[in-house]
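Before any comments, here is the structure.
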Amino acid sequence: MSKDRLNLSEGEIRLGEWCKQQGIKRFLFDLDDTICPTRQVFREVMAEAFDHLASNTSFRTRDEWKADVEEINNRLFEKIGVNPVRWNFVVDELGGKHSLQLPLMNEVKGIFQKIYKTPLAMMNGAEEGLQIIKNIRIPIGIVTHASRDWTKMKYNWLDLARFVQTNDIFVIDENGHKTSESWTQAIQYFRLSPIDCAVVGDSPRSDINPAMEAGVKHCFLVEDPNIWSIHNLPVDQSVKRIKTLKQIIEVV
């Protein structure tokens with residue numbers, strides 16, 4: 001038995017053996033809400049915007065502003081993707097619909113941009129999960145459709161250099177969505193075939209289902225009851241469900 005193997009836990013040994021049996025050459029991770037909790041920041045900033053609109057107008061309640069913003073945002077998300085400029089379009093449409101004054105619109109736009117300036121920490125269990133994969137010496141890649149600038153900030157906030165090199169991050173067009181074609185491109189970027197990869201993500205719509213459509217056989221879904229409704233779709237029964245990344249060693 002090698003010295004490296006002696007230093008691994010039973011779970012890590014089991015995961016390493018599973019990877020060897022399945023021919024897994026790299027783990028590909030989604031970033032947002034898989035490694036770092038961006039959904040929480042979105043909701044906190046959106047709540048601040050709803051409060052600001054309600055406090056500075058007298059003709060609509062906070063709940064009415066919330067409903068308006070969420071309807072416009074969900075619709076524009078389908079057209080524009082995750083590009084941060086989407087929020088400017090949301091506010092412009094909101095302002096036109098309700099004849100908002102320009103200063104208030106600019107204030108609300110500034111609030112929404114806090115999403116991309118708020119430092120993030122690791123999700124519960126994420127650091128341990130990444131360390132497990134590092135310990136068994138399986139390379140890690142990240143597949144994200146956040147902007148390159150925001151991805152770079154998250155990379156530094158989270159000190160991801162401990163686990164992933166910058167050239168092991170594949171950024172999908174922020175103006176679109178993660179599709180099977182996106183995952184195929186990502187897998188090709190890493191010079192692998194789909195059966196060589198295990199994919200880990202929180203979104204059935206953007207991570208698990210399109211990765212499987214691209215030919216990936218082994219997917220891990222990080223479940224969250226608070227996931228955006230537009231991402232919450234059924235997944236194949238073969239998908240391994242975990243609550244945190246450190247549970248990867250418990251489901252193989």
Pair W65-H52, ring pair (Phe, Tyr, Trp, His ring centres under 6.0 Å): steps then yes or no: CA-CA 10 Å; W65 285 120; H52 193 76; over 10 Å; no
Judged by atom type as modelled, is there a donor-acceptor pair below 3.5 Å linking the side chain of [X] to the main-chain atoms of [Y]?
X    : Y    : result
S182 : H177 : yes
N56  : L53  : no
T144 : A146 : yes
R86  : G81  : yes
Q247 : K243 : yes
D33  : T38  : yes

For a 4.5 angstrom cut-off between non-hydrogen side-chain atoms, does [X] reach [Y]?
X    : Y    : answer
Q113 : P84  : yes
T179 : T184 : no
V199 : V143 : no
L120 : V41  : yes
I242 : L245 : yes
K178 : D30  : yes
F27  : L130 : no
F220 : V251 : yes

Does the distance from a Lys or Arg side-chain N to an Asp or Glu carboxylate O, for [X] and [Y], drop under 4.0 Å?
X    : Y    : result
D68  : K97  : yes
K154 : D32  : yes
R62  : D51  : yes
E44  : K114 : no
R162 : D159 : yes
R75  : E70  : no

Inset, instruction - Go through the steps for F112 and V69 under the test side chain to side chain contact (heavy atoms under 4.5 Å, CB included), then give the verdict. - result: CA-CA 11 Å; F112 281 128; V69 170; 4.0 Å; yes
No-hydrogen, no-angle side-chain donor-acceptor test under 3.5 Å, [X] and [Y]:
X    : Y    : result
E213 : N209 : no
T244 : N124 : no
Q21  : E17  : no
D149 : S147 : no
Y155 : W150 : no

In terms of hydrophobic clustering (I, L, V, M, F, W, Y; side-chain heavy atoms under 4.5 Å; direct or indirect links), are [X] and [Y] co-clustered?
X    : Y    : value
F29  : I249 : yes
V239 : L233 : no
I172 : V216 : yes
F77  : F50  : yes
L102 : F89  : no

Can you tell me if [X] has over 12 outside heavy atoms packed within less than 6.0 Å of its [atom1]?
X    : atom1 : value
K217 : NZ    : no
K25  : NZ    : no
E78  : CD    : yes
Q101 : CD    : no

Discussion item. Tell me whether the rings of F42 and Y116 are parallel (<30°), tilted (30 to 60°) or perpendicular (>60°).
Written reply: perpendicular
Practice prompt. If the plane angle is over 60° it's perpendicular, under 30° parallel, otherwise tilted; pick one for F170 and Y189.
Written response: tilted
Nearest atoms (heavy-atom pairs only) where [X] meets [Y]:
X    : Y    : value
C36  : M123 : C-CG, 3.4 Å
V90  : N73  : CG2-CA, 3.9 Å
A121 : L158 : C-CD2, 3.3 Å
P204 : P210 : O-CD, 3.6 Å
I35  : A126 : O-CB, 3.5 Å
W183 : A214 : CB-CB, 4.2 Å

Go through it in stages, so that I can follow the logic: the residues are D92 and M105, the test is side chain to side chain contact (heavy atoms under 4.5 Å, CB included), and I'd like the CA-CA distance, side-chain angles, deciding distance and then a yes or no. CA-CA 7 Å; D92 287 341; M105 291 173 60; 3.6 Å; yes
In L31, T166, I140, T151, the residue satisfying side chain to side chain contact (heavy atoms under 4.5 Å, CB included) with L160 is L31
- Nearest 0.5 Å please: distance from the NE2 atom of H218 over to the SG atom of C197.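 One gets 10.5 Å once the value is rounded to the nearest 0.5 Å.
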Practice task
Measure the spacing between CD of E48 and CD1 of I115 and express it to the nearest 0.5 Å.
Solution key: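 The CD1 atom of I115 is 10.0 Å from CD of E48, to the nearest 0.5 Å.
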* Could you go step by step and tell me if D168 and R26 meet the side chain to side chain contact (heavy atoms under 4.5 Å, CB included) rule? -> CA-CA 11 Å; D168 286 332; R26 187 181 288 267; 3.7 Å; yes
>> Please evaluate residues V200 and C219 with respect to the criterion side chain to side chain contact (heavy atoms under 4.5 Å, CB included), reporting the C-alpha separation (whole Å), side-chain torsions for both, the decisive distance (0.1 Å), and the verdict.
In response: CA-CA 6 Å; V200 187; C219 289; over 6 Å; no
Could you walk me through whether S238 and D236 satisfy the side chain to side chain donor-acceptor pair (under 3.5 Å) test, starting with their C-alpha distance in whole Å, then the side-chain angles of each, then the deciding distance to 0.1 Å, before giving a yes or no?
CA-CA 5 Å; S238 67; D236 189 84; 2.6 Å; yes
